[in-house]
2 protein chains.
Amino acid sequence: MRPSKRDELVQKALKVFYRNGFHATGMDMLVTETGVSKTSMYNHFRTKEDLILAVLRLRDEHFRNWLYRRMEERADTPRDQLIAMFDALEDWFEEPGFRGCMFIKASAEYQNADHAIHIQSAEHKRMLQVHVGELARKAGLKNPDALARQLLLLKEGAIVTAHLQHTQAPAQDAKAAALALIELAE
Amino acid sequence: MRPSKRDELVQKALKVFYRNGFHATGMDMLVTETGVSKTSMYNHFRTKEDLILAVLRLRDEHFRNWLYRRMEERADTPRDQLIAMFDALEDWFEEPGFRGCMFIKASAEYQNADHAIHIQSAEHKRMLQVHVGELARKAGLKNPDALARQLLLLKEGAIVTAHLQHTQAPAQDAKAAALALIELAE
DNA sequence: GAACAAATGTACTGATCTGTAAATAAAGTC
DNA sequence: GACTTTATTTACAGATCAGTACATTTGTTC
């Protein structure tokens, strides 16, 4: 039972795709950057698309785990955890390797609504929506689902803007707006 | 004085890039889809990158003109024009060919901060920020620049989400949030 | 109608793309 | 130690990538 080789490949491929984009990253580049031979890659994944889907699955798992844990570390009540989401974003934006949201980029490169990569990216956002909506409900806020959608609009906007303008400032702009919306829903 | 050939090429290339992405669109595809010969293309533009930059310039001009006019058509006062921005977004999202923001996608494919395509995409967003900030100032709202940044976060978030989920609903979610933020700033 | 510029078709370069073939080298399992 | 699985190297196929050379056609201007 080898847990490693395949997972190791996905993990390394994630870094390269995130840094370099999907179309711009060729399988040959992955061979040199990961040290995994080409034949091994096509042994584990039938196509490049399959590899990308595996990468996105790993990214989804990592990112949601990271974000949820960070929100819980920073605040005790569901209400404050919602607000802490934007502090977590700021931490992310400050990381040297920050390059925006991998799912937004994936859906930008694979635009067809029925493309597996696009569908999987949308699924990631849907799961975030469910979690944030649940928190808003636990916090006893009015219209929890509508509020969750609004908070996530702020989140996506902040990510895109932070990436475009190379500053972490959008996190605090979004936090201020989120705080106002939450207070109105109390 | 020929206004047409070059502009016509840029206009047609815009459609293909918008629909198909940048890396995924080869010069040969542009040849067949635009009907402009390859030699003519490289007569007008030294490289593919130069063509993309021209496409983004045209897109910036078209989009800002369209948005500003739409906002003015829909509302008389600066305050209401800010809110009308989200109705205009909804009209856009409903268009059959809607595929998200071309500048977000460009910056997703050309990620380096010092890349000309990335810089030009950021410039588009900066000009929107200036215009919206000006409107907020004319409307006599508190902290007009901070408010403008927040409204634009909602706008970017709505565009990304509408593209990912294939629904125009984010426009109204963003509008409701924007209305709340504007009322708080009055 | 001559002269010049712009646009064209065709064919090509060399590099890179995704994906494969075949033969070899490790590695664990019985 | 034989057997099976897994990973490896090397080389390749066929398509497509950005960009170019060259000769031809078209259109405008004088």
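Naming: A, B, ... by sequence-line order, numbering from 1 per chain. Bear in mind the structure is a predicted one, so any value in this text is a computation, not a measurement.
For the pair Tyr42(A) and dG19(C), the criterion of a side-chain N or O lying under 4.0 Å from OP1 or OP2 is met. Dashed line: the shortest gap from a side-chain N or O of Ser40(B) to OP1 or OP2 of dA7(C) is not under 4.0 Å. Applying the 4.0 Å criterion to OP1 and OP2 of dA6(C), one finds that His44(B) has every side-chain N and O outside that range.
Rounded to whole Å, atom P of dA18(D) lies 13 Å from atom CZ of Phe22(B). When the C1' atom of dA18(D) is taken as reference, atom CE of Met29(B) falls 14 Å away, rounded to whole Å. Distance, Met41(B) CE to dG9(C) C1': 14 Å, rounded to whole Å. In this structure, Met27(B) atom CE and dT10(C) atom P are separated by 19 Å, rounded to whole Å. Separating the CZ atom of Arg6(B) from the C1' atom of dT8(C) is a distance of 19 Å, rounded to the nearest angstrom. If you take CG of Leu30(B) and P of dT16(D), they are 15 Å apart, rounded to a whole angstrom. Rounded to an integer number of Å, the gap from CG of Leu51(B) to P of dG19(D) is 10 Å. Protein atom CZ of Phe45(B) is 11 Å distant from nucleotide atom P of dA7(C), rounded to whole Å.
Cation-pi geometry between Arg59(B) and Tyr18(B) is met: under 6.0 angstrom from the ring centre, within 45 degrees of the axis.
Here the side chain of Asn43(A) is nearest to one of dC17(C), dT20(D), dA7(D), namely dA7(D). For Lys38(A), the listed nucleotide lying nearest its side chain is dT18(C); candidates were dA22(C), dT18(C), dT20(D). For Asp28(B), the side-chain atoms get nearest to dC17(D) when compared with the rest of dG19(C), dT9(D), dC17(D). Counting only heavy atoms from C-beta on, Lys48(B) has its side chain closest to dA18(D) among dG19(C), dA18(D), dC22(D).
You won't find any donor-acceptor pair under 3.5 Å spanning the side chain of Thr39(A) and the base of dT20(C), going by distance alone.
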Practice task
Using the salt bridge (Lys or Arg N to Asp or Glu O under 4.0 Å) rule, take Lys12(A) and Glu8(A) through it: C-alpha gap first, then chi angles, then the decisive distance, then the call.
Solution key: CA-CA 6 Å; Lys12(A) 286 181 176 173; Glu8(A) 189 185 325; 3.3 Å; yes
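Checking each of Asn65(A), Leu58(A), Asp60(A) against His62(A) for a side chain to side chain contact (heavy atoms under 4.5 Å, CB included) leaves exactly one that passes, namely Leu58(A).
Mapping Thr47(A) and Gly35(B) onto DNA chain C by nearest heavy atom places Gly35(B) closer to the 5' end of the strand.
Remark: Glu109(A) does not engage Lys105(B) in a salt bridge, criterion side-chain N to carboxylate O under 4.0 Å.
A distance of 6.0 Å or more separates the ring centres of Trp92(A) and Phe86(A).
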